[in-house]
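Naming: A, B, ... by sequence-line order, numbering from 1 per chain.
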There are 2 protein chains.
Amino acid sequence: MSDDDSAVARERVIESMEQSAEVYGLSRSAGRIYGVLYFASDPLSIPELVEETGYAKSTVSNVTRTLSRIGLIHRRSSEGGGRRVRFEAEREVWFILQDVFQQYIQREVQTTLRTIRRAEEQVLAETREQERVRNLRETYEDLEEIVQLASEYSAAELREALETYER
Amino acid sequence: MSDDDSAVARERVIESMEQSAEVYGLSRSAGRIYGVLYFASDPLSIPELVEETGYAKSTVSNVTRTLSRIGLIHRRSSEGGGRRVRFEAEREVWFILQDVFQQYIQREVQTTLRTIRRAEEQVLAETREQERVRNLRETYEDLEEIVQLASEYSAAELREALETYER
DNA sequence: TGGTTTGTTCGGATTGAGCCGAACAAACAG
DNA sequence: CTGTTTGTTCGGCTCAATCCGAACAAACCA
């Protein structure tokens, strides 16, 4: 429970975020930068992030841009309208996961579904191919609906919906 | 609705699978090989897949191994116990997605949760850090439960569970 | 048996992602 | 105005993934 232990523990969590970042298709640096911001008491500027993470200024600049774009961190135009930019982590992790769901999964499912539907019209009727495409479509229609609904619920709601469901 | 249209439509769907493969962390070749097998009338051997996909024999060999390992395709030891191996696609797409869920997401969530819990014990009590870690843990506990339950349901069940839920 | 087909394994070429440092632009301080 | 701090952009380096071809091993065929 010392200060040191605390720092080590924090470091472990940040490493874990580096790991998770890869799963979400982000770089390890993105995971670390998010992690540092997640635990920071105040929003940090780019030089401060350079100091904390050891990454080059250019890397921090690029990564913060991507993270801002996808909503994992927020740009805080500093007080006084100065040039200095500060970044703050979005700490509602569920929001982030919802975003990933919407921007990533949902988009992927929808474009796939469009392709499948178009293909289903063009494929020869009464063939095995038609049946295969139809099966694909049906699963993806379920999937689209699931992803749509899941992205609207909070984590607690989603959990309850699944826990209380009686088959 | 000509034979040609049908072939084009099929090609489009396969291209879409190439795309999806990347999202699941697989190579484009894996997506194409799965796609070809998905539409094939019978299980295909490696030389046949080479013919259909244009990939080198070695590539097909390696990719089929990975796809078999993660359950997207199945090795059919050919009739007569000969050397010739044939592959068949797992066409229950939902099974595949469940597998991804279990092997990928669930595993990721669980290891992260372990790290977070350990960190929560080591972090200094009554600090901002502790609160942050606790929030993280609570979200991930919901997430673990959600993923666990979701992986047990069929697509239709999952859809119904969400559709019928009243907040 | 010798030749052919099938499948795996290896080294190497190519490509893209991630990160860095340097150059630049913009704001600020004195 | 001059020097400093901050942030972005650019080219280049490194490394890992992907894929290929060649060599090899194993089964089959005539």
Side-chain angles (χ1 to χ4, degrees), chain A residues 14-15 17-37 40 42-70 72-88 104, chain B residues 14-15 17-37 42-70 72-88:
Chain A
I14 293 179
E15 278 169 12
M17 288 174 171
E18 283 182 340
Q19 190 86 16
S20 301
E22 287 186 324
V23 175
Y24 299 138
L26 298 170
S27 60
R28 296 184 66 80
S29 55
R32 170 154 298 268
I33 288 174
Y34 174 82
V36 167
L37 289 175
D42 305 295
L44 299 182
S45 67
I46 289 187
E48 287 165 334
L49 281 171
V50 168
E51 170 67 23
E52 290 287 325
T53 64
Y55 284 113
K57 203 171 44 154
S58 53
T59 303
V60 174
S61 174
N62 287 322
V63 170
T64 49
R65 182 149 38 90
T66 350
L67 288 180
S68 297
R69 186 166 45 75
I70 55 183
L72 269 86
I73 65 178
H74 303 287
R75 272 182 100 100
R76 301 277 180 238
S77 315
S78 79
E79 341 70 48
R83 179 159 168 73
R84 187 162 190 150
V85 179
R86 294 173 174 283
F87 297 93
E88 183 166 20
Y104 230 64
Chain B
I14 293 179
E15 278 169 12
M17 288 175 171
E18 282 182 341
Q19 191 85 17
S20 301
E22 287 186 326
V23 174
Y24 299 137
L26 297 170
S27 60
R28 296 184 66 81
S29 54
R32 170 154 298 267
I33 288 174
Y34 174 82
V36 167
L37 288 175
D42 305 296
L44 299 181
S45 67
I46 289 187
E48 287 166 334
L49 280 171
V50 168
E51 169 68 23
E52 289 287 324
T53 64
Y55 284 112
K57 203 171 43 154
S58 54
T59 303
V60 173
S61 175
N62 287 321
V63 170
T64 49
R65 182 148 39 89
T66 20
L67 288 179
S68 296
R69 187 167 44 77
I70 56 183
L72 269 86
I73 66 178
H74 303 288
R75 272 182 100 100
R76 301 278 181 234
S77 315
S78 79
E79 341 70 48
R83 178 161 167 71
R84 188 161 190 153
V85 179
R86 294 173 175 283
F87 296 94
E88 183 167 19

Could you give the [atom1]-to-[atom2] distance, from [X] to [N], as a whole number of Å?
X       : N      : atom1 : atom2 : answer
B/Asn62 : C/dG12 : CG    : C1'   : 14 Å
B/Lys57 : C/dG7  : NZ    : P     : 9 Å
A/Phe87 : D/dT6  : CZ    : P     : 13 Å
B/Arg32 : D/dC19 : CZ    : C1'   : 15 Å
B/Tyr55 : D/dG21 : OH    : C1'   : 16 Å
A/Ile46 : C/dA27 : CD1   : P     : 15 Å
A/Arg84 : C/dA29 : CZ    : P     : 11 Å
B/Glu22 : D/dC19 : CD    : C1'   : 14 Å

### Task
Among B/Met17, B/Glu52, B/Glu18, find the residue that satisfies the side-chain contact (heavy atoms from CB on, under 4.5 Å) test when tested with B/Arg32.
B/Glu18
### Phosphate OP1/OP2 of C/dG7 contacted by B/Arg65 side-chain N/O (<4.0 Å)
no
### Query
Does B/Ser45 have a side-chain nitrogen or oxygen under 4.0 Å from the phosphate oxygens OP1 or OP2 of C/dT6?
no
### Query
side-chain contact (heavy atoms from CB on, under 4.5 Å) with A/Ser68: which residues, sequence neighbours excluded?
A/Ile73, A/Arg75, A/Phe87
### Query
How is A/Ser61 classified with respect to the nucleic acid when contacts are heavy atoms under 4.0 Å: base, sugar-phosphate, or nothing?
base
### Message
Just to be sure I understand the rule, does B/Ser58 reach a base, reach only the sugar-phosphate, or reach nothing, if contact means heavy atoms closer than 4.0 Å?
### Response
base
#### Entry: Out of C/dT6, D/dT6, C/dC20, whichever nucleotide has its closest atom nearest the side chain of A/Pro47
D/dT6
### Message
Counting neighbours of CD on B/Glu22 that are heavy atoms of other residues, nucleotides or ligands and sit closer than 6.0 Å, is the number greater than 12?
### Response
yes
### Query
With a 4.5 Å heavy-atom cut-off, do A/Thr59 and A/Thr53 have their side chains touching?
no
